[in-house]
Amino acid sequence: MSWLHLLILSPFIYTILIPFLYKSFRRIHTGWFVLPLPLILFACLIKQVKIVAKGSVLSYVARWIPSLGIDFVVYLDGLSLMFGLIITGVGALVVLYSVFYLAKEREALHNFYVYLLLFMGAMLGLVFAENVLVLYLFWELTSISSFLLIAFWYQRKSSCYGAQKAFMITVAGGLAMLAGVLLLANITGTFSIQEMISQFSLIRNNPTFIAAMLLLLLGAFTKSAQFPFHIWLPDAMEAPTPISAYLHSATMVKAGIYLIARFTPIFGGSMLWFWLVTGVGLLTLFWASLVAIRQVDLKAMLAYSTVGQLGLIICLLGIGSAAFYYGTGVTEPLYTTAILAAIFHLVNHSTFKGCLFMVVGIIDHEAGTRDIRRLGGLLNIMPVTFTLAVIGGFAMAGLPPFNGFLSKEMFFTGVLNASQFGIFHLETWGKLIPVVAWIASIFTFVYCLIFVTRPFLGKHHPQKLEKITREAHLGMLISPALLASLVILFFFFPNDLAKYILYPTMAAILPGFTAIDSGLGPIRAWHGWTPELFMTLGVVTAGLVVYFAFRKWPRIIRLPSRFTWNALYDGILEKTEELSGRVTGSYMTGRLRDYLIYIFVGFIILTAGTMVINGSFAFDLTTNSPVLFYEFVLFFVVIGAAVLVLRGRTRLASVVALGVVGYLIAGFYVILRAPDLALTQIVVETVTTVLFLLCLYFLPRWNEEKPEGFRRFDFVIALGVGLTVTSLALAASGNNLFDSISWFYEQAYELAGAKNIVNAILVDFRGFDTMFEILVLCIGGLGVHTLIKLYLEGRKSK
Amino acid sequence: METLMSVLIGVLFAIGAYLMLSRNLLKIIMGSSLISHGANLLILTMGGLKKGGAPLLGEGSASYTDPLPQALILTAIVINFALTAFLLVLAYRTYINVGTDDMEQMRSIEDE
């Protein structure tokens, strides 16, 4: 255990306290108790920034399941540190914001903060885990906590639907990822990511390379809501807005990006990886920005914009992966700019999108709606919120003086570079990448403009709103204001950010990368009349044209609802449920008889089948011990009594016959040299018979006129069971596969001081077994007692 | 002896199975009782029969019957007793609550 382990586990440990704090201090908002934790964790991680920026990497090992090679190894490099800072930093702001967003009188705050801390711990574990199985564990844990948080208002049907959808898609992807990493572990013989990376050439030459890559990407694409798995993210917006800001824009949805970045040294350089990652990212960017502009719910618009921005980052990582085409990765700016742009935009996105989500939360909180058709003219009422919306919105649109401008320009550089690589058929198809990226940026610009203008400008319609709108509480504005100031700060001091955060992150992705001889110049807002600048100017011009044309042209590109991905998902879900219902219903009849038939037939098939396959029907009867005359007599009497149990006309006859069988079997125990068994059997049989007779008093008489007829089908099954058991017994007595181990127990006197070997086994050699047997007996007794007592008490109270 | 026992075990199992497939609650319990008798004898038979004296030291036997199956069966008898007792009380409660001991009629009674 190290401080980094503690850092990951501390949110989990803290969750235990939350319910108690909530119960004991009802007057204080539980969020205030939670807030210090992410702040402390953030401070701990900030302290590491300088160390990591110098190029050192921290790694600590905690043994977990050494026999399987699974150790809880944590690894702190630039990439995980950057994510850790975002998780704890945005986490602290979100907790602060939630204190004012969620009313302490109405909401189940203890649940909320337990889930939130659960997520924080899981996400920290995910980015710091060095072992792929530990990574997977935390990966799924984030899905679970996301599920719980989306369904926080579980009374709403849409919340449950959204939660289920998010869970199904991300967990299915997670399972694919597990298969992918297991394939990698199978190739390399290790669960450590760093060791896998060092054996990348072995992986690339393996026939399962492509399968592992596809499975891993499936995990990344589902988690990061990439086309066509993006459909869960808009429905996840049913979560409380602080959660949307935290999980579904700043952290969890970036886990897929993290995974891609982490495994780029292994898969990068392959043409399939390049085109899949770049293509899917670009397609998602394009599709999501197109869909985003026709949303009327502000949160849905932000959800699609998040999908698009994630696509943008993934597309850049795809382009950057070409650096690995020449082995361990070249560090020329031609390739590395794209990776730098991806990381830079990832950081920026966390700031401006977090800010925007909080703005939507404020509007929702104060105006009671997020529908842009009902909102308008909020500028005069909420000037501060408007300012924040402008900062966040224009940063997302890629305008100066906000950080989005820098990373957007760099994005254009990245996509323009792609056509100059001269590999992967980029000389022909590469031209397409900047074009699509440019068009997508126009739509991005348009929806940012809609977001900033529609709720705030125009006329205010108080009659359309449910409550009187006023500016938000100061506490609610702190968090978005801090994020907005970061947006501006990163614009003016991008190179400090690069030095401490971005370059170390790049060094984690590109093994040979160093900030000094990277060839990347300082990040500048003004870099002359470059193609990138003209592209931005083009985006603004075309965006304004589309924006004004769009107002008069509201319904473009609307797919019939039958053909959407959502309809496909719903259809698959419905059909699966129907099918599984029908299959289960077909054999789960609720009839004991049917279940017993499954058991008996299953027993016959499995036992007899195994015997047939192994040829065990060759019976050897020569070792039989001799049979005496009175044993024959006993044999026939037992069979006669058993038949009488079956054929008995009255209940009494059957019960007595059953008792006779029991006592005669005690007789067999005597013959077969088992005195203890005989004694026990006689005692137990007596009590059992009394119990049966007692039961007769309460249970109804059998219908003597109309006894159950001969059941041919049951007879066949019963005969099958009997024959199978007989042959099993014959085969067992004829075959001797193993030597007896009973000689050990014959030393009972020396070892246990007992002369009765059976007793010694029960109370000494296998004492624990006997203790548990007594426990079973106790539980049975309790069951009997409860069944009778509850009934008697129930009758009394009536 | 082993062959004889094998046949006996088979008969006990067959009758037990047939009874368990019946519709009557009491017959089902009787069936399970017979099957457990059969199972106990099966374990005993598998260990070999009459291979020596009873497993009591100090009786002067040259060799002993395998004590291990006997220890197993002793446990099984007791557990089976608990099971039968529980089943009987369950049958009693079921009959009191639903008013029938016929499994088929019970199916048509809705859950409370």
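Letters go in sequence order (proteins before strands), and every chain restarts at 1. In this text the structure is predicted, and so the values were computed from the model without any measurement.
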Quick check on [X] against chain A: is it the side chain, the backbone, both or neither that has a heavy atom closer than 4.5 Å?
{"X": "B/Ile35", "result": "side chain"}
{"X": "B/Leu68", "result": "both"}
{"X": "B/Thr75", "result": "both"}
{"X": "B/Leu12", "result": "side chain"}
{"X": "B/Ile28", "result": "side chain"}
{"X": "B/Leu56", "result": "both"}
{"X": "B/Met30", "result": "both"}
{"X": "B/Thr3", "result": "both"}

**Request:** Test side chain to side chain contact (heavy atoms under 4.5 Å, CB included) on B/Met20 and A/Leu592 and set out the steps.
**Result:** CA-CA 9 Å; B/Met20 282 187 87; A/Leu592 182 67; over 6 Å; no
Of the backbone (N, CA, C, O) and the side chain (C-beta and beyond), which part of [X] lies under 4.5 Å from a heavy atom of chain B, both, or neither?
{"X": "A/Pro626", "answer": "backbone"}
{"X": "A/Ile665", "answer": "side chain"}
{"X": "A/Ile599", "answer": "neither"}
{"X": "A/Val655", "answer": "both"}
{"X": "A/Ser654", "answer": "both"}
{"X": "A/Phe600", "answer": "side chain"}
{"X": "A/Ile717", "answer": "side chain"}
{"X": "A/Leu723", "answer": "neither"}
{"X": "A/Leu696", "answer": "side chain"}

Heavy-atom pair of closest approach, residues [X] and [Y]:
{"X": "B/His37", "Y": "A/Gly662", "answer": "NE2-CA, 3.8 Å"}
{"X": "A/Leu777", "Y": "B/Ala82", "answer": "CD1-CB, 3.5 Å"}
{"X": "B/Ala14", "Y": "A/Gly722", "answer": "CB-CA, 4.0 Å"}
{"X": "B/Leu57", "Y": "A/Ala754", "answer": "CD1-O, 3.6 Å"}
{"X": "A/Ala729", "Y": "B/Leu42", "answer": "CB-CD1, 3.5 Å"}
{"X": "B/Phe86", "Y": "A/Gly780", "answer": "CD1-O, 4.0 Å"}

**Message:** For A/Leu677 and B/Asn40: C-alpha separation, side-chain torsions, deciding distance, then whether side chain to side chain contact (heavy atoms under 4.5 Å, CB included) applies.
**Reply:** CA-CA 10 Å; A/Leu677 294 189; B/Asn40 289 345; over 6 Å; no
From [X] [atom1] over to [Y] [atom2], what is the distance, rounded to the nearest 0.5 angstrom?
{"X": "B/Lys27", "Y": "A/Leu658", "atom1": "NZ", "atom2": "CG", "answer": "13.0 Å"}
{"X": "A/Leu699", "Y": "B/Asp101", "atom1": "CG", "atom2": "CG", "answer": "6.0 Å"}
{"X": "A/Phe668", "Y": "B/Met5", "atom1": "CZ", "atom2": "CE", "answer": "5.0 Å"}
{"X": "B/Ile77", "Y": "A/Gln681", "atom1": "CD1", "atom2": "CD", "answer": "4.5 Å"}
{"X": "A/Leu646", "Y": "B/Leu34", "atom1": "CG", "atom2": "CG", "answer": "9.0 Å"}
{"X": "B/Thr65", "Y": "A/Ile757", "atom1": "OG1", "atom2": "CD1", "answer": "9.5 Å"}

**Item:** B/Ile73 and A/Tyr669: CA distance, side-chain angles, deciding distance, side chain to side chain contact (heavy atoms under 4.5 Å, CB included) verdict
**Value:** CA-CA 11 Å; B/Ile73 296 166; A/Tyr669 289 147; 3.8 Å; yes
Taking side chain as C-beta onward, heavy atoms only, is [X] less than 4.5 Å from [Y]?
{"X": "A/Tyr745", "Y": "B/Asp66", "result": "no"}
{"X": "B/Thr84", "Y": "A/Leu691", "result": "no"}
{"X": "B/Met1", "Y": "A/Glu631", "result": "yes"}
{"X": "A/Phe692", "Y": "B/Ile29", "result": "yes"}
{"X": "A/Glu685", "Y": "B/Phe81", "result": "no"}
{"X": "A/Ile761", "Y": "B/Gln70", "result": "no"}
{"X": "A/Arg711", "Y": "B/Leu21", "result": "yes"}
{"X": "A/Phe710", "Y": "B/Tyr18", "result": "yes"}

I'd like to know which of [options] tops the heavy-atom pair count under 4.5 Å against chain A.
{"options": "B/Leu83, B/Val7, B/Leu25, B/Thr45", "answer": "B/Val7"}
{"options": "B/Leu19, B/Leu8, B/Val11", "answer": "B/Leu8"}
{"options": "B/Ile15, B/Thr94, B/Leu41", "answer": "B/Ile15"}

**Request:** Start with the C-alpha distance between B/Leu4 and A/Phe632, add both sets of side-chain angles, then the distance that settles side chain to side chain contact (heavy atoms under 4.5 Å, CB included), and finish with yes or no.
**Result:** CA-CA 8 Å; B/Leu4 196 71; A/Phe632 261 119; 3.6 Å; yes
Highest number of heavy-atom pairs under 4.5 Å with chain B: which of [options]?
{"options": "A/Asp714, A/Ile741, A/Val643", "value": "A/Asp714"}
{"options": "A/Thr680, A/Val721, A/Leu672", "value": "A/Leu672"}
{"options": "A/Val684, A/Val687, A/Asp676", "value": "A/Val684"}
{"options": "A/Val758, A/Ile774, A/Val638, A/Val627", "value": "A/Val758"}

Quick check: are there more than 12 heavy atoms from other residues, nucleotides or ligands sitting under 6.0 Å from [atom1] of [X]?
{"X": "A/Phe715", "atom1": "CZ", "result": "no"}
{"X": "A/Arg766", "atom1": "CZ", "result": "no"}
{"X": "A/Tyr749", "atom1": "OH", "result": "no"}

